[in-house]
Amino acid sequence: MNPKSKILIIAGSDSSGGAGIQADIKTITALGSYAMTAITAVTAQNTTGVDSILSINPKEILKQIVFTCKDLRPNAIKIGMLHSPSVIKAVILALKKVKVSKIVLDPVMIAKGGAKLINNNAIHILKNHLIKKTFLITPNIPEAEVLTKTKIKNSKDMINAANILLKLGAKNVLIKGGHLESKVMLDVLVNKKEIKIFKNKKFITKNTHGTGCTLSSAIATFLSCGKLLNKSCELGIKYVNEAIRSDLNFGKGHGPINHLNSIIIKKKYK
């Protein structure tokens, strides 16, 4: 099987492998595309929480992005954890240089265990400068609340928050509804032309580490292969739901999801 497309991931490393750049690589590979990386931070973490975060020098992040794209031009870019204002500024500068239109931003702010992964100045720059450079932004409810300074309790609130993000310059907004207390999983896609609500069965499990990273990478992969936004979101959500349903139960805390759920190995190895 040959890769269908190339995706550059700009994100932090998760030493436990469930989220961050590791989840992104697994997702893109499992869905049949080729993953490249620009690492923004190195974290020491496991399923119970984050122990430490080490930022990569912004100049090195810029070099990773520009030098990689100079030789291997990506069909899409996925952006995850950006830990500081200087890192976000470096990424914005790099995006100006590489000029890729299909950019998916997952505004990672809080780890599954509750640790804050981004400071307030970085949030300000992301909100006022980076969002408008992307094609799609995929916040979960806590992240959307921080970005819009509103409370979200239902789908109507999600649509309202998405419209605020559109006014800030976002082209398309997918707010993930996993934090809502409901039996049905609601994800809301909003742009200036339409509102699309994806409804799916909600699986009750503590093992959801890396779902946001995985979804944004899955959507970026489908977009990179030429699928339209609605279909890319639909397929990405389906992939994540199947990965959650496996319920791997690795570790003592919020365990990872199963990125291999889409793969059927037909070859026999002796």
Side-chain angles (χ1 to χ4, degrees), residues 3-43 45 47 50 53 55-56 61 64-65 68-69 72-83 87-88 91 94-95 98 100 102-112 117-118 126 130 134-140 143 174 176 208-225 227 232-233 235-244 246 248 250 254-263:
K4 302 183 189 80
S5 62
K6 302 185 294 294
I7 295 103
L8 174 68
I9 310 155
I10 305 170
S13 166
D14 170 8
S15 60
S16 73
I21 220 139
Q22 286 85 347
D24 299 327
I25 293 171
K26 292 173 189 177
T27 300
I28 291 165
T29 304
L31 293 176
S33 288
Y34 180 80
M36 305 172 288
T37 64
I39 298 175
T40 60
V42 175
T43 68
Q45 63 177 294
T47 64
V50 179
I53 302 171
S55 265
I56 303 298
I61 296 170
Q64 289 180 79
I65 298 167
T68 300
C69 293
L72 300 164
R73 182 164 179 79
N75 303 100
I77 293 175
K78 176 262 166 79
I79 303 174
M81 177 180 156
L82 304 176
H83 185 50
V87 167
I88 297 175
V91 170
L95 294 178
V98 301
V100 173
K102 294 176 180 177
I103 301 173
V104 178
L105 170 63
D106 181 24
V108 179
M109 295 179 186
I110 302 166
K112 190 68 68 179
L117 301 174
I118 184 170
L126 184 148
L130 181 57
T134 65
F135 177 70
L136 173 68
I137 178 171
T138 62
N140 60 28
E143 291 159 352
L174 178 69
K176 300 168 291 190
T208 56
H209 183 53
T211 49
C213 306
T214 300
L215 178 60
S216 52
S217 286
I219 293 170
T221 303
F222 290 119
L223 284 172
S224 74
C225 295
K227 295 196 179 297
S232 295
C233 291
L235 292 172
I237 291 166
K238 181 179 179 181
Y239 170 73
V240 171
N241 285 344
E242 290 299 316
I244 292 171
S246 295
L248 293 179
F250 289 174
H254 296 282
I257 60 177
N258 179 19
H259 296 95
L260 299 178
N261 78 85
S262 64
I263 296 178

- request: With rounding to the nearest 0.5 Å, note down the distance linking CD1 in I137 to OG in S216.
  value: 11.0 Å
- request: Kindly write out the residues that satisfy side-chain hydrogen bond (donor to acceptor under 3.5 Å, both in side chains) with K26, not counting sequence neighbours, or none if the list is empty.
  value: none
statement: For P74, the side chain to side chain contact (heavy atoms under 4.5 Å, CB included) test, sequence neighbours excluded, returns L8, M36, C69, I77, V100
task: Apply salt bridge (charged side-chain N to carboxylate O under 4.0 Å, His left out) to D106 and list each qualifying residue two or more places apart in sequence or on a separate chain.
output: K176
- line: Residues at least two apart in sequence or cross-chain that pass side-chain hydrogen bond (donor to acceptor under 3.5 Å, both in side chains) with T221, listed by chain then number, are none
query: Do I28 and I25 have side-chain heavy atoms sitting under 4.5 Å apart?
result: no
- prompt: Does T37 reach the main-chain N or O of I9 with its side chain, forming a donor-acceptor pair under 3.5 Å?
  reply: no
- prompt: Mind checking what makes side chain to side chain contact (heavy atoms under 4.5 Å, CB included) contact with K227, not counting sequence neighbours?
  reply: F222, K231, S232, L235
statement: When every non-hydrogen atom of P256 is compared with those of T47, the smallest separation belongs to CD-CG2, 4.2 Å
- prompt: If you look at every heavy atom in D14 and G20, which pair is closest and at what distance?
  reply: CB-N, 4.2 Å
query: For Q64, what residues pass the side-chain hydrogen bond (donor to acceptor under 3.5 Å, both in side chains) criterion, not counting sequence neighbours?
result: none
task: Could you tell me the separation between the NE2 atom of H83 and the OG1 atom of T43, rounded to the nearest 0.5 Å?
output: 10.5 Å
task: Answer whether the closest heavy-atom distance between the side chains of L223 and F135 falls below 4.5 Å.
output: yes
- prompt: Does V98 offer a backbone N or O that forms a donor-acceptor pair with the side chain of R73 under 3.5 Å?
  reply: yes
query: Between K4 and L31, which heavy-atom pair has the shortest distance, and what is it?
result: NZ-O, 3.4 Å
message: Restricting to side-chain hydrogen bond (donor to acceptor under 3.5 Å, both in side chains), what partner residues turn up for S13, sequence neighbours left out?
response: Q22
query: Should V108 and L82 count as side-chain neighbours, where that means a heavy-atom distance under 4.5 Å?
result: no
- request: Considering non-hydrogen atoms only, spot the tightest contact between P107 and L126 and give its length.
  value: CB-CD2, 4.2 Å
field: Donor-acceptor pair, side chain of T211 and main chain of T208, under 3.5 angstrom
entry: yes
query: Yes or no on side-chain contact (heavy atoms from CB on, under 4.5 Å) for I103 and L95, after CA distance, side-chain angles and deciding distance?
result: CA-CA 9 Å; I103 301 173; L95 294 178; 3.9 Å; yes
query: Roughly how far apart are E242 CD and I237 CD1, rounded to 0.5 Å?
result: 13.0 Å
message: Please report the interatomic distance CD1(I10) to CD1(I88), rounded to the nearest 0.5 Å.
response: 12.0 Å
Where A23 and T214 come nearest, the two heavy atoms and their spacing: CB-OG1, 4.0 Å
message: Could you check whether any side-chain heavy atom of L136 comes within less than 4.5 Å of a side-chain heavy atom of T138, counting everything from C-beta outward?
response: yes
message: Show every salt bridge (charged side-chain N to carboxylate O under 4.0 Å, His left out) that has at least one partner inside residues 208-223, sequence neighbours left out.
response: none
task: Could you grab the distance from atom CD1 of I65 to atom OG1 of T40, nearest 0.5 Å is fine?
output: 9.0 Å
- prompt: Of all residues at least two apart in sequence or in a different chain, which pass the side chain to side chain contact (heavy atoms under 4.5 Å, CB included) check with S5?
  reply: I7, S33, N75, S224, C225
message: Are the side chains of H259 and Y239 in contact, using a 4.5 Å heavy-atom criterion?
response: yes
- prompt: What do the steps show when you test H209 against I257 for side-chain contact (heavy atoms from CB on, under 4.5 Å), and what is the final call?
  reply: CA-CA 7 Å; H209 183 53; I257 60 177; over 6 Å; no
message: Could you measure the distance from the OG atom of S15 to the CD atom of Q45? Nearest 0.5 Å is fine.
response: 5.5 Å
- line: Between A19 and C213 the two heavy atoms that sit nearest each other are CB-SG, 4.0 Å
statement: Taken in chain and number order and not counting sequence neighbours, the residues that satisfy side chain to side chain contact (heavy atoms under 4.5 Å, CB included) with N258 are S246, L248, L260, N261
